[in-house]
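See structure below.
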Amino acid sequence: MKRYIIALLLLPAMLRQATAQDTPTADQVLDKYVTALGGKDALMKVNDLTMSMSSETERGVMIITRKQKLPNKFSMVINANGMEVMKQTGDGQKVLMGGMQGSQTLDGPAAQQMTLMNTLFPELHYAENGVKTTLVGPETVDGKSTYKLSHTTADGSSTWTDNFDTSTGLKVQSVVTNKSPRGSMTTTTVYDDYKDVSGIKFPMTLNQKSARGTMVMTVDNVKVNKGLKDSDFKTE
């Protein structure tokens, strides 16, 4: 009887230890994600990327063109009814944001966060950029079992989260709060329907929710290493 009682007393500690051993570290979650996409070697061979997307809205079809180039340049243009309604361009230091209401240039922490997140396969560069990643824990997202990670910039000014499928390792969701002189806005993006392009998996459906509403984007075309130029990313 004494042994039975001792075993019952030890059971919670044993369960906690087993759970701790089964739960991966933040680095292991990121490593599994990189492997799931195609592997570090394949991702490191990508020098530039162009992704064309479309979204059905009440005002018609929106066309989104996103470009990225090593080491840290990016741009995104949204067109609707033949008109450019929004554009973001990052040259690695500053971010120029333009739209129907005018343009503004971001620098400092706000530009830093956007640059870090829009770098080609940013998870590969978190360590060198001083991003601190911690494991928040398990979380269910749209019925999927995930591990939630929290990322913080080196100066602690910006934090965002990602969820990765516990089985496939692929990214399921991102939650980001962008800050600008006009205020803050939190955007949740859900990634789905991953398909192979040039040996790398890309999500073909992105469901984005923010204070502006919901936008479902379908990836129509992905171009890898087409020779984008630095002049495509001017912020002046």
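Both backbone and side-chain heavy atoms feed into the values below; hydrogens, waters and symmetry mates do not. Positions are given from 1 along the sequence.
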### Query
Between the side chains of Thr115 and Asn72, does any donor sit under 3.5 Å from an acceptor?
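Note: Thr115 and Asn72 side chains miss the donor-acceptor criterion.
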### Query
Are Ser52 and Thr65 linked by a side-chain donor-acceptor pair shorter than 3.5 Å?
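Absent: no donor and acceptor within the cut-off.
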Do the side chain of [X] and the main chain of [Y] share a donor and acceptor less than 3.5 angstrom apart?
| X | Y | value |
| --- | --- | --- |
| Thr89 | Phe233 | no |
| Asn225 | Lys45 | yes |
| Thr57 | Gly60 | yes |
| Ser145 | Thr166 | no |
| Thr25 | Gln28 | yes |
| Asn81 | Met83 | no |
| Lys94 | Leu106 | no |

Indicate the atoms forming the closest heavy-atom contact of [X] with [Y], along with that distance.
| X | Y | answer |
| --- | --- | --- |
| Leu120 | Asn47 | CD1-O, 3.5 Å |
| Tyr191 | Ser174 | OH-OG, 3.2 Å |
| Asp220 | Met53 | OD2-C, 3.5 Å |
| Ser158 | Pro109 | OG-O, 4.0 Å |
| Ser103 | Leu96 | CB-CD1, 4.4 Å |
| Gly199 | Asp196 | N-OD1, 3.1 Å |

### Query
Name the one of Asp162, Asp165, Asn163 that satisfies side-chain hydrogen bond (donor to acceptor under 3.5 Å, both in side chains) with Thr146?
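Answer after filtering Asp162, Asp165, Asn163: Asn163.
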### Task
If the plane angle is over 60° it's perpendicular, under 30° parallel, otherwise tilted; pick one for Trp160 and Tyr126.
perpendicular
May I ask you to test the [X]-[Y] pair for a side-chain heavy-atom distance under 4.5 Å?
| X | Y | result |
| --- | --- | --- |
| Val224 | Ile200 | no |
| Phe121 | Val46 | yes |
| Lys32 | Pro24 | no |
| Leu135 | Leu149 | yes |
| Thr168 | Tyr194 | no |

### Task
With sequence neighbours left out, write down each residue that passes salt bridge (charged side-chain N to carboxylate O under 4.0 Å, His left out) with Glu56, or none if nothing qualifies.
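So Glu56 forms no salt bridge (charged side-chain N to carboxylate O under 4.0 Å, His left out) with any residue.
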### Task
Could you walk me through whether Leu124 and Leu30 pass the side-chain contact (heavy atoms from CB on, under 4.5 Å) test, one step at a time?
CA-CA 9 Å; Leu124 291 176; Leu30 290 179; over 6 Å; no
### Query
Stepwise, does the side-chain contact (heavy atoms from CB on, under 4.5 Å) test hold for Lys69 with Lys229?
CA-CA 8 Å; Lys69 184 180 185 294; Lys229 299 178 180 178; 5.7 Å; no
### Message
Let's go through Arg212 and Met185 carefully: what are the C-alpha distance in whole Å and the side-chain angles of both, what is the deciding distance for side-chain contact (heavy atoms from CB on, under 4.5 Å) to 0.1 Å, and is it a yes or a no?
### Response
CA-CA 9 Å; Arg212 296 174 179 172; Met185 184 170 67; 3.7 Å; yes
To the nearest 0.5 Å, how far apart are [atom1] in [X] and [atom2] in [Y]?
| X | Y | atom1 | atom2 | answer |
| --- | --- | --- | --- | --- |
| Lys223 | Thr50 | NZ | OG1 | 7.0 Å |
| Gln88 | Met114 | CD | CE | 4.0 Å |
| Lys67 | Asp48 | NZ | CG | 9.5 Å |
| Thr152 | Gln113 | OG1 | CD | 10.0 Å |
| Thr119 | Glu128 | OG1 | CD | 9.0 Å |
| Lys171 | Leu37 | NZ | CG | 8.5 Å |

### Task
For the pair Ser150 and Thr161, evaluate side chain to side chain donor-acceptor pair (under 3.5 Å) and give the outcome as yes or no after the intermediate values.
CA-CA 4 Å; Ser150 177; Thr161 63; over 6 Å; no
### Task
Would you list the pairs meeting ring pair (Phe, Tyr, Trp, His ring centres under 6.0 Å) in which at least one residue belongs to residues 27-56, sequence neighbours left out?
Tyr33-Phe164
### Message
Before you tell me yes or no, could you show the steps for Asn118 and Arg66 under side-chain contact (heavy atoms from CB on, under 4.5 Å), namely the whole-Å CA-CA distance, both residues' side-chain angles and the distance that decides it to 0.1 Å?
### Response
CA-CA 10 Å; Asn118 285 283; Arg66 183 182 182 190; 3.3 Å; yes
